[in-house]
Asker: 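One structure is given below, represented as structure tokens, and several questions about it will come after.
Here is how names work: the chains are called A, B, and so on, in the same order as the sequence lines, proteins then strands, and each is numbered from 1.
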Amino acid sequence: MTRRTPPRRVARSVLDRDSPDVARLLLNKVLRVGPCAGRIVEVEAYRSDDPASHSFRGRTKRTEVMFGPAGRLYVYFVYGMHWCANVVTGAEGDGQAVLLRALAPIDGLDVMASRRGRTDRLAEGPATLCQALGIDGSFNGVDLCAVDAAAPAPIGLYDDGVPPPSVPVIGPRIGITKAVDVPWRFRVPRVPA
DNA sequence: GGAACGATCTGC
DNA sequence: CAGATCGTTCCC
């Protein structure tokens, strides 16, 4: 993937809208955590009026960040061993987020490979993505749209000029048991060349 | 206080 | 296809 423009941070205003819309916009954006970076190629949208969402049952200690302002990272622990990361979207109080499901690695491949214990499929799946980038609970709530001194490592969401796909692959979300037919998973299609 | 259940991944 | 493994949530 050729970088077309110098990377610049994604503006918070881009994220301050409905998560299914933000989900499409996040495709092909770049997430950087320390020395590692990758292009976002698969995401899922969640909303508070959505039975599959953590925010569906209202504000709790865990979902506090999800109800906060757009642009922060919502990190949660699941299945007793995995971390998953979301970008919070919408207005403060909305309880919306976009789950990051897969990245195409750009920088820090060696670090990612070391953390993953393998050299292929470095960031395919929400939990492996977090493992590859070193994202854990200490990253919960960090701001992706500005330098966050409280973050465990330099982190941010960037636009390097590569636009979202005009026609993303759309499908149902993975691993949920409610609202299983809602088509809020979005993926960058495999490009012809 | 206790139990059920995950927005998953890996290896068999 | 089942096991790993534990925080969060909800019910008694």
Asker: Please list, for nucleotides 3-5 of chain B, all pairs of protein and nucleotide N/O atoms separated by less than 3.5 Å.
Answerer:
none

Asker: CG/A:Leu109 to SG/A:Cys36 distance, rounded to the nearest 0.5 angstrom?
Answerer: 8.5 Å
Asker: List, with names and distances, any nitrogen or oxygen atoms from the protein found under 3.5 Å away from nitrogen or oxygen atoms belonging to nucleotides 10-12 of chain B.
Answerer:
unit_1	atom_1	unit_2	atom_2	d
B:dT10	OP1	A:Arg116	NH1	2.7
B:dT10	OP1	A:Arg116	NH2	2.9

Asker: Kindly give the cluster partners of A:Val169, where membership spreads through any ILVMFWY side chain lying under 4.5 Å from a current member.
Answerer: none
Asker: If you look only at distance, which donor and acceptor atoms sit under 3.5 Å apart when one is on a side chain in residues 144-151 of chain A and the other is two or more places apart or in another chain?
Answerer:
unit_1	atom_1	unit_2	atom_2	d
A:Asp148	OD1	A:Ala150	N	2.9
A:Asp148	OD2	A:Asp143	N	2.8

Asker: Touch check for A:Ala52, heavy atoms < 4.0 angstrom, all strands: base, sugar-phosphate only, or nothing?
Answerer: base
Asker: Under a 3.5 Å distance rule, please check whether A:Asn140 uses its side chain to pair with a backbone N or O of A:Gly137 as donor and acceptor.
Answerer: no
Asker: Compare every heavy atom of A:Asp50 with every heavy atom of A:Ala45, then report the nearest pair and how far apart it is.
Answerer: O-OD2, 4.2 Å
Asker: Checking all strands, does A:Ile176 fall into the base, sugar-phosphate, or nothing category for heavy-atom contacts under 4.0 angstrom?
Answerer: sugar-phosphate
Asker: Can you check whether A:Phe56's main-chain N or O pairs, donor with acceptor, with A:Ser48's side chain at less than 3.5 Å?
Answerer: no
Asker: If you compare all heavy atoms of A:Gly90 against all heavy atoms of A:Ala70, which two are closest, and at what distance to 0.1 Å?
Answerer: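 Smallest interatomic distance, heavy atoms only, reads O-CB, 3.4 Å.
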Asker: Would you tabulate the side-chain donor-acceptor contacts of residues 120-135 of chain A under 3.5 Å, counting partners in other chains and residues two or more places apart, or write 'none'?
Answerer:
unit_1	atom_1	unit_2	atom_2	d
A:Asp120	OD1	A:Arg118	NE	3.2
A:Glu124	OE1	A:Arg187	NH1	3.2
A:Glu124	OE2	A:Arg187	NH2	3.2
A:Thr128	OG1	A:Glu124	N	3.4
A:Thr128	OG1	A:Glu124	O	2.7
A:Thr128	OG1	A:Gly125	O	3.0
A:Gln131	OE1	A:Arg116	NH1	2.8
A:Gln131	NE2	A:Arg115	O	3.4

Asker: Is A:Arg32 reaching over with its side chain to a backbone N or O of A:Gly34, donor-acceptor style, under 3.5 angstrom?
Answerer: yes
Asker: Write down the distance between CD (A:Glu44) and C1' (B:dG6), rounded to a whole number of angstrom.
Answerer: 14 Å
Asker: Under the side chain to side chain contact (heavy atoms under 4.5 Å, CB included) rule, collect the residues that match up with A:Ser114, sequence neighbours excluded.
Answerer: none
Asker: For A:Val98 and A:Ser19, work out which heavy atoms get closest and say how close.
Answerer: CG2-O, 3.6 Å
Asker: Side-chain heavy atoms under 4.5 angstrom apart, residues restricted to Ile, Leu, Val, Met, Phe, Trp, Tyr: same cluster for A:Val182 and A:Val43?
Answerer: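 Yes; A:Val43 is reachable from A:Val182 via cluster members.
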Asker: A:Gln96 CD to B:dA7 C1': how many Å, rounded?
Answerer: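 Going from CD in A:Gln96 over to C1' in B:dA7 covers 16 Å.
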Asker: Might you point out which heavy atoms bring A:Leu26 and A:Ile40 nearest each other, and give the distance in Å?
Answerer: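 Distance-wise, the nearest heavy atoms are O-CB, 3.5 Å.
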Asker: Please report the shortest heavy-atom distance between A:Arg4 and A:Gly161, naming the atom on each side.
Answerer: CD-O, 4.0 Å
Asker: Where along residues 15-24 of chain A does a heavy atom come under 4.0 Å from DNA chain C, residue by residue in number order?
Answerer: none
Asker: Treat a base pair as Watson-Crick or G-U wobble with both distances under 3.5 Å, then lay out DNA chain C in dot-bracket form, 5' to 3', with | for cross-strand pairs.
Answerer: ||||.||||||.
Asker: Let me know the distance between OH of A:Tyr46 and P of B:dG6, rounded to the nearest Å.
Answerer: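 Going from OH in A:Tyr46 over to P in B:dG6 covers 12 Å.
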Asker: Just how far, in rounded Å, is P of C:dG7 from CG of A:Asn140?
Answerer: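 Rounded to whole Å, this separation is 15 Å.
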Asker: Ignoring backbone atoms, test whether A:Arg101 places a side-chain nitrogen or oxygen under 4.0 Å from the OP1 or OP2 oxygen of B:dT8.
Answerer: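 Yes, because at least one side-chain N or O of A:Arg101 sits under 4.0 Å from OP1 or OP2 of B:dT8.
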Asker: Could you list who else is in A:Ile174's hydrophobic cluster, with ILVMFWY side chains joined at under 4.5 Å, directly or through other members?
Answerer: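 Members other than A:Ile174 - counting any ILVMFWY side chain reachable under 4.5 Å - there are none.
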Asker: Should A:Pro165 and A:Asn28 count as side-chain neighbours, where that means a heavy-atom distance under 4.5 Å?
Answerer: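 A side-chain contact exists here, since the closest heavy-atom pair is under 4.5 Å.
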Asker: Between the protein and nucleotides 3-6 of chain C, which nitrogen or oxygen pairs are less than 3.5 angstrom apart?
Answerer:
unit_1	atom_1	unit_2	atom_2	d
C:dT5	O2	A:Tyr79	O	2.5

Asker: Give me the distances for all protein-to-nucleotides 9-12 of chain C N/O pairs that come in under 3.5 Å?
Answerer:
unit_1	atom_1	unit_2	atom_2	d
C:dT9	OP1	A:Thr60	OG1	2.4

Asker: Do A:Ser53 and A:Arg173 have side chains that approach each other closer than 4.5 Å (heavy atoms only, starting at C-beta)?
Answerer: no
Asker: For A:Phe56 and B:dA7, give me the distance from atom CZ to atom C1', rounded to whole Å.
Answerer: 15 Å
Asker: Under 4.5 Å between side-chain heavy atoms, chaining through other members, with only Ile, Leu, Val, Met, Phe, Trp and Tyr counted: pull out the rest of the cluster around A:Met66, sorted by chain and number.
Answerer: A:Tyr46, A:Val65, A:Tyr74, A:Tyr76, A:Val78, A:Tyr79, A:Val88, A:Leu99, A:Ile176, A:Val180
